[in-house]
Amino acid sequence: MPSRDPGAEAVAAPRANNIALALEILEQVARHRTGVTANDISRTLDVPRATVYRIVNSLVQDEFLLRRPDLKGFILGARVVELAHLVAPTSATAGYEQVLESLRRETGQAIHFARFADAGIVLVDEDRRSPISDPHGLIRDPARSAIGRLLLAEVPAATATAMSSASLDDLAEIAEAARVLDYTQQIGLLSPDRACFAVPVRSPAGALLGALALATSVSRISTAARHVGLLRQAAAALAEALPLPVHSRATGAAAP
Amino acid sequence: MRALERAIAERQPIAGLETTSPVHGLRRRTIGGWDVTGQSVAAVAPAGVVLVNPLALGERAGSFAFVSLLVTLGIAVLLALTISVFARRIASTGSLYTFVARGLGPVAGIVAGVALALGYGGIAASTLMNASRRSVSLIGHATGAEPPGWLLPAVIVGFGVIITTVIACGLRLSTRVMLVIEILAVAMILTVSIVVLNSTGWNLADLVPDLSAPFDPGAVLAGVGVALVAFIGFESGTGLGPETRRPLATIPRALLWTVLGVGVVYLIGAAAQLSGDAAPSAGPMDLPLVSLAADAGLSGLGPLIDLIIALSFLACALASTTALVRLAFAMSREQLLPAAFGRTWKRFGTPALGAAIIAAGVTAVPCVWIAATGAGEGLRSYTSPAAVCGYIAASVLLCIAAPVFLVRIGEFTWRSALFALICAGALASALAHYVVTANESLAPGLVLAVVLGTIAVVACLFRMRRLGIADRLGLYDSPVASDSIGGLPGRPAHPAAEPGAQADASR
């Protein structure tokens, strides 16, 4: 036990070092795309193995790092993206974020962006100022959200019935409405006082990549519909800003 | 930070990751730490243990009863830490089975899996019987008439249906039900214990071992063996790993808190009974702590306490069945068991079919027992050896597996190895002591457990060889593409079956 006075410093100093070391470890993992072992990290950074194990394990617990499926070595987890401001404070934000930001400014409404992958919905960018009332409901039953309805309208009928609890008739209605308008809407299905419409984001080849949604109160949804044009422009810009999927699986599943 | 910066900017997919998890179909990453704790505590059933089983501890360990309990708590904490060696790295529905398979290979894994299944199955069957018998006697108490003979089997089947339904309708429902029951039960034990302690003037002299008597390590060991049974089931929360949010952090924490919490409840309960110098109970349904409470002026509680114990045992049957269903799920996804156990019900994301089959099996045991013997008594002498031996054997294998596993993945440390080996030694001696001193009433159950276990192990090994699936064993919820940095944004990622993971990963 350290004595009282230097105690405060002694506690604070290792913690600061731990964060620095954690970042160093993340950097090492980033350098080895196929994974790097804790022992390799310990050797490269010249840090005791026990220390590396401890930090690596807490990074794994917090999901900044993942263990490779064979358990030999580490790769970067999805949460590392949250550290973007730590490692690259000056770098420009990704293209799609600028598009969404200006759309939010121009419409003054909540704007959400989701992607479709393997016939599922991935919320990529939820409006922080006005979050989705029931994100789990949105993902669980696509028929309750405008974003989900775009996906339901696009996939084969059998897939759509498997994904949603909506009846066949309802699904046919949804698909027909989406085809006529080339956008979808829902009123009061996720939360009684909220309504939403969504336009598709399509690749140049026409495959459905994602959805751009505007959410507002039920009373304002009719006037908000004037922003459909803005959303369509933004969707076109997003399709350009986004890197195309490397595999064609997601687009293949969604192709008409 | 160049490489990290670039990796974050580019978010390239990482080779070698699947797009679907091996446990797809379950609701991945949805429940929290409280749910895991509810499952673990319910599987331990502290209320039942404190109120029903404590005298065995006093009888076996004599004046060292309290010391035995403290030693056992220490062993349980070491076991929790050793399980965490795995739980911090792997999220699996197979709990100890998957861990042992990962550490010691498929054959030891199968032995541990069968032992664990015997443990869960034995506890589920005996607690189901106990909960039903207490409910029937409560009904008899309420109506004032002798309950008809068909009532007990009917209640057992009814509880079996409830267990199936709750498991099929989603993990969150069952864990919350268990959590509420356990909070009630623990609150009741603490209240009764404190009333008793108050009435005896906090006479804690009996907690200190009588050092003038010759020290008898056998007595302490016997006490540890008895007390160890009281912790059985705390590891069952690990089987919920894939369905837990941030499982690698949540599960180890929940395990440790369960052991410490339950341990404190036991210490208080034991202190109350020792201070009141509880008389040996007259019959198996008598509760010494309750008669002490009645002496202290807290009378008329009998039916209420019986009700809470019945609920607590029902929760224990539910938790043990849940753990068994999740274990069978893991084995089924590895093809070691038929595919029916690994099928999930899309609506609730649960292995509902497996739950129905297993709950039917668990329900059948007490029903067959009643049909064969015509009475509700005596089942425990068959299920209890299966549960104790199965559970402790699986734990011993786990403790041996931990250091081997750490060497395999290149993260060996002496501290974890030391904890694991101390724990393995303590558990193995407790198991040996239990088997050697088993009296005649337990011997048939012991033989039956060994025979059943051997048959199951041989059958599993045979199927493993025939299908050539040895390298599939130890399957766990390995990271998928969408968990990795390559999963966001704009990478082909989540299958629709994993809503929780999607929502988490998107932020």
Side-chain angles (χ1 to χ4, degrees), chain A residues 23 26-28 30-31 33-35 37-39 49-50 53 57-58 60-63 66-69 71-72 75-84 87-88 91 94 96 114-115 117-126 135-136 139-140 162-163 165 209 242-247 249-250, chain B residues 1-20 30 88-90 102 246-250 252 346-347 405-406 408-413 415 476 478-479 482-500 502-507:
Chain A
L23 283 172
L26 288 172
E27 172 74 6
Q28 287 303 315
R31 275 189 195 160
R33 294 200 32 79
T34 51
T37 66
N39 284 344
R49 283 187 308 156
Y53 297 160
N57 271 312
S58 62
V60 170
Q61 288 183 333
D62 288 334
E63 299 178 351
L66 303 174
R67 278 169 196 280
R68 287 197 60 84
L71 294 169
K72 295 192 174 128
I75 49 183
L76 293 179
R79 261 195 94 189
V80 162
V81 175
E82 290 174 19
L83 302 177
V87 293
S91 75
Y96 80 92
R115 299 221 40 179
D118 280 11
I121 302 169
V122 184
L123 278 173
V124 175
D125 200 323
E126 189 181 347
H136 288 290
I139 288 163
R140 212 161 32 237
M163 283 165 62
S165 59
L209 298 177
L242 285 175
L244 286 175
V246 176
H247 314 291
R249 203 161 353 137
Chain B
M1 294 297 129
R2 299 299 307 171
L4 186 55
E5 199 177 326
R6 208 167 48 242
I8 291 174
E10 293 175 0
R11 303 180 194 181
Q12 291 281 328
I14 293 168
L17 293 184
E18 301 288 330
T19 48
T20 21
T30 44
R88 281 164 66 192
R89 296 169 168 90
I90 293 176
R102 282 274 155 190
R246 289 178 57 198
L248 306 182
T250 308
K346 194 163 269 164
R347 174 117 189 252
F405 172 75
L406 287 177
R408 274 191 174 184
I409 65 166
E411 291 178 35
F412 180 84
T413 57
R415 204 179 65 142
Y476 70 102
S478 42
S482 54
D483 299 331
S484 78
I485 192 167
L488 285 174
R491 299 292 161 206
H494 302 271
E498 295 164 21
Q502 291 166 8
D504 287 349
S506 66
R507 294 313 313 160

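Proteins come first, then strands; the chains are lettered A, B, ... in the order of their sequence lines, and each starts at number 1. All values reported here derive from a predicted model rather than from experimental measurement.
Residue A:R31 holds its CZ atom at 10.0 Å from CG of B:L4, rounded to the nearest 0.5 Å.
At a threshold of 4.5 Å between non-hydrogen side-chain atoms, the residues A:R68 and B:I14 count as touching. Side-chain contact check for B:D483 versus A:E63: every heavy-atom pair is 4.5 Å or farther apart.
Listed for the A:Q61 side chain is no donor-acceptor partner under 3.5 Å among the backbone atoms of B:R88.
Contact count versus chain A (heavy atoms, under 4.5 Å) is highest, among B:I409, B:T250, B:T413, for B:I409. By number of non-hydrogen pairs under 4.5 angstrom with chain B, the leading residue of A:P69, A:A50, A:G35 is A:P69. Contact count against chain A (heavy-atom pairs under 4.5 Å) is highest for B:A249 among B:A249, B:P247, B:S478.
Pairing each heavy atom of A:A30 with each of B:A7, the nearest pair is CB-CB, 4.2 Å. Here the closest heavy-atom approach between residue B:G410 and residue A:N39 is recorded as O-ND2, 3.3 Å. A pairwise comparison of heavy atoms in B:P479 and A:L66 identifies CB-CD1, 3.8 Å as the closest pair. Taking both residues in full, the closest heavy atoms of B:F412 and A:Y53 are given as O-CE1, 3.5 Å, listed atom of the first, atom of the second, then distance. Heavy-atom minimum distance, A:R67 versus B:E411: NH1-OE2, 2.8 Å.
Heavy atoms closer than 4.5 Å to chain A are found in both the backbone and the side chain of B:R89.
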Next item on the list: Verify side chain to side chain contact (heavy atoms under 4.5 Å, CB included) between B:Y476 and A:L71, making sure each step is shown before the conclusion.
Entry: CA-CA 11 Å; B:Y476 70 102; A:L71 294 169; 3.4 Å; yes
